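Notes to accompany the following structure.
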Amino acid sequence: MNIHNGLNWQDVIFKCLSDLRGKYPRLADADIAKKIDMSS
């Protein structure tokens, strides 16, 4: 994704989260975070 096409960081993060939710539709957000090593 080219972030210079008028997208701000919030748009980029939203797109990434949307893609991950599509890839892992049965997982909760916390489980997706663990899967990509972003859990808190």
Side-chain angles (χ1 to χ4, degrees):
M1 173 188 305
N2 184 351
I3 63 170
H4 298 289
N5 287 338
L7 294 177
N8 60 37
W9 283 110
Q10 185 177 8
D11 295 332
V12 172
I13 298 299
F14 182 77
K15 171 74 169 110
C16 290
L17 288 173
S18 295
D19 290 350
L20 286 167
R21 286 181 185 129
K23 186 174 181 177
Y24 304 109
R26 292 194 168 107
L27 295 183
D29 289 349
D31 296 323
I32 291 172
K34 287 177 189 173
K35 194 158 203 56
I36 63 169
D37 272 341
M38 293 295 291
S39 59
S40 53

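Quick caveat, the model's predicted, so the values are computed rather than measured.
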Point-to-point distance, once rounded to the nearest 0.5 Å, from CG of D11 to SG of C16: 11.0 Å

Interatomic spacing from CZ in R26 to CG in D31 - rounded to 0.5 Å: 13.5 Å

Worked verdict on K15 versus D19 for salt bridge (charged side-chain N to carboxylate O under 4.0 Å, His left out): CA-CA 6 Å; K15 171 74 169 110; D19 290 350; 2.8 Å; yes

hydrophobic_cluster_shared for L27 and I36, side chain cutoff 4.5 Å: yes

